[in-house]
There are 2 protein chains.
Amino acid sequence: MTNDNNNIRIVIIEDDQVIREGYAFLIGQSEGYEVINIYASFDEAAKKIVTDAPEVILLDIELPGTNGIEAIPKLKKVLPQTHILILTVYESEKLIFDALSNGASGYLTKNTPAAKIIESIKEVMQGGGPMSVNIARMVINSFRRNQDTPLSKRETQILELICNGKSRTQIANELFIDLETVRTHIKNIYIKLDVNSRADAIKTARDNRLV
Amino acid sequence: MTNDNNNIRIVIIEDDQVIREGYAFLIGQSEGYEVINIYASFDEAAKKIVTDAPEVILLDIELPGTNGIEAIPKLKKVLPQTHILILTVYESEKLIFDALSNGASGYLTKNTPAAKIIESIKEVMQGGGPMSVNIARMVINSFRRNQDTPLSKRETQILELICNGKSRTQIANELFIDLETVRTHIKNIYIKLDVNSRADAIKTARDNRLV
DNA sequence: AAAAATATCACCCTAAAAGGGTGATATTAG
DNA sequence: CTAATATCACCCTTTTAGGGTGATATTTTT
């Protein structure tokens, strides 16, 4: 342990005492890292964390009181420059995207070895976005379009514009085709997707990654 | 070099001869990896790649003729199970998302050390999604919502429903509030975003990551 | 405690848009 | 050569969107 103030200042918020103190010990004894404080919940951390002024927060999702996902925007509000690294057992797609859209800088699962966590802390400080490999795959898949769509190219294109909230008229103008042609395409899209409204078409499109 | 058919079968498509053969050599001499073929362009690869039956393709973006981005869906069409790893100097957000949405399984920049590339090949075979750290940050940032939105919580919620193509009536039903209340919120959203149509609101929302 | 922002509802209005039905024709791709 | 695709046309009714102007209660911030 050193008093060198070039150390990366870290705070851990994690309800499991064993994990919390385990990580604190492992990270704290690494050269260049300093665990400023550890907390069992966000609510406990809330009062003191601003004065802790951490550069990186290791945050669990399952916490008593305010859960980790909800805690992210609150933490970012008082510590905008601080990087938040999610460290959790959960691999649900919804939780991952909620965490990232709320402002998390990375997402690690708890089976991650300590060395990798320590490396990830440095990475996040240098502008990286550390993720466990399986998380990365989920994130990548969320971009991937379905390769076997029932829709033709034109229909996909029009469906995309519908997802952008464009009206038939706007679509017609944008594609230099007649309003009636747009209508026909939309009708065919509806038939193929088995829907009968824009909202349903968008939902089906998103669910099946057609856009 | 070994004839062991448990090796990971790799094809490299890369126009720079030095890089192409350099990678081929480095990967080929690694235990468990086998470079089946190397090509200078997709068009050259197209004829033979099906019989190559690679498990992983290392693909450059800047290629003569068909570029790497366009090549991805064509490759996935004839080799649906094959993982495509983009290996390029480009770090533009558009190229990254185009690559991923076209079906790439990972995205590495060319400054990546050979050892990391070799590790990434194994990772992608095991269901991971390897990315360079800076790429990962860009991908994560694409999920991140703007923290200082001009909109209130309710307005953000309604804007999200608008992005899902919901009508005022549907929104009212979903939120258990009056149709007129929804109207008022939408009016206020329009004022705050300085727009006057759903399509423009959606565009502004997406551009500013309000949703 | 006062001021500002937010969430809720009401009613005026008109033009645009959506959705369903039916049919036709030219081009393209398998 | 047949199926899919892309294009356009006209019938119809109901819903939606957007603008204006107002009120009131709650919540948040100052």
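Reminder, nothing fancy here: chain letters follow the sequence lines and each chain counts from 1.
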Colleague: What pairs of residues pass the salt bridge (charged side-chain N to carboxylate O under 4.0 Å, His left out) test when at least one of them lies in residues 184-195 of chain B, not counting sequence neighbours?
Modeller: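 Non-adjacent pairs meeting salt bridge (charged side-chain N to carboxylate O under 4.0 Å, His left out): B:Glu155-B:Lys192.
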Colleague: Say whether, by atom type as modelled, one donor and one acceptor occur between the side chain of B:Asn146 and the main chain of B:Thr149 under 3.5 angstrom.
Modeller: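 No: the side chain of B:Asn146 does not pair with the backbone of B:Thr149.
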Colleague: Do A:Asn37 and A:Tyr39 have side-chain atoms, one donor and one acceptor, less than 3.5 Å apart?
Modeller: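 Result is yes, a qualifying pair exists.
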Colleague: Give the intermediate values and the outcome of side-chain contact (heavy atoms from CB on, under 4.5 Å) for residues B:Ile117 and B:Leu58.
Modeller: CA-CA 10 Å; B:Ile117 292 176; B:Leu58 295 188; 4.2 Å; yes
Colleague: Nearest whole angstrom, please: distance from the C1' of D:dG19 to the CG of B:Asp194.
Modeller: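 Going from CG in B:Asp194 over to C1' in D:dG19 covers 15 Å.
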Colleague: Any donor-acceptor pair under 3.5 Å linking the side chain of A:Thr181 with the backbone of A:Ile177?
Modeller: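 Checked: no pair found.
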Colleague: Has A:Arg144 got a side-chain atom pairing as donor or acceptor with B:Ser101's backbone, closer than 3.5 angstrom?
Modeller: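 Between the backbone of B:Ser101 and the side chain of A:Arg144 there is no qualifying donor-acceptor contact (under 3.5 Å).
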Colleague: Take the protein atom CD1 of B:Ile189 and the nucleotide atom C1' of D:dG19, then report the distance between them rounded to whole Å.
Modeller: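 It works out to 16 Å between those atoms.
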Colleague: Please tell me whether B:Tyr107 and A:Phe143 form a close aromatic pair, meaning their ring centres lie under 6.0 Å apart.
Modeller: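 No, ring centres 6.0 Å or more apart.
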Colleague: With a 3.5 Å cut-off and no angle check, do the side chains of B:Arg154 and B:Gln157 form a donor-acceptor pair?
Modeller: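 Note: B:Arg154 and B:Gln157 side chains meet the donor-acceptor criterion.
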Colleague: Protein-nucleotides 28-30 of chain D N/O pairs closer than 3.5 Å?
Modeller:
none

Colleague: List for me each residue that meets side-chain contact (heavy atoms from CB on, under 4.5 Å) alongside A:Asn196, sequence neighbours excluded, and say none if there are none.
Modeller: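 A:Asn196 satisfies side-chain contact (heavy atoms from CB on, under 4.5 Å) with A:Asp200 only.
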Colleague: Name all pairs fulfilling the side-chain hydrogen bond (donor to acceptor under 3.5 Å, both in side chains) condition that reach into residues 55-66 of chain A, sequence neighbours left out, sorted by first residue then second.
Modeller: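 Output for this query lists A:Asp43-A:Thr66, A:Asp60-A:Lys110, A:Glu62-A:Tyr90.
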Colleague: From NZ of B:Lys153 over to P of C:dT6, roughly how many Å is that when rounded to an integer?
Modeller: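 One finds 13 Å between P of C:dT6 and NZ of B:Lys153, rounded.
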Colleague: Which angle, rounded to 10°, do you find between the first-five-pair axis and the last-five-pair axis of the helix from C:dA1-D:dT30 to C:dG30-D:dC1?
Modeller: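 Roughly 90°, once rounded to the nearest ten degrees.
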Colleague: I'd like to compare against my own output: the B/S/- annotation of nucleotides 8-19 of chain C with a strict under-4.0 Å heavy-atom distance to protein.
Modeller: BBBBB----SBB
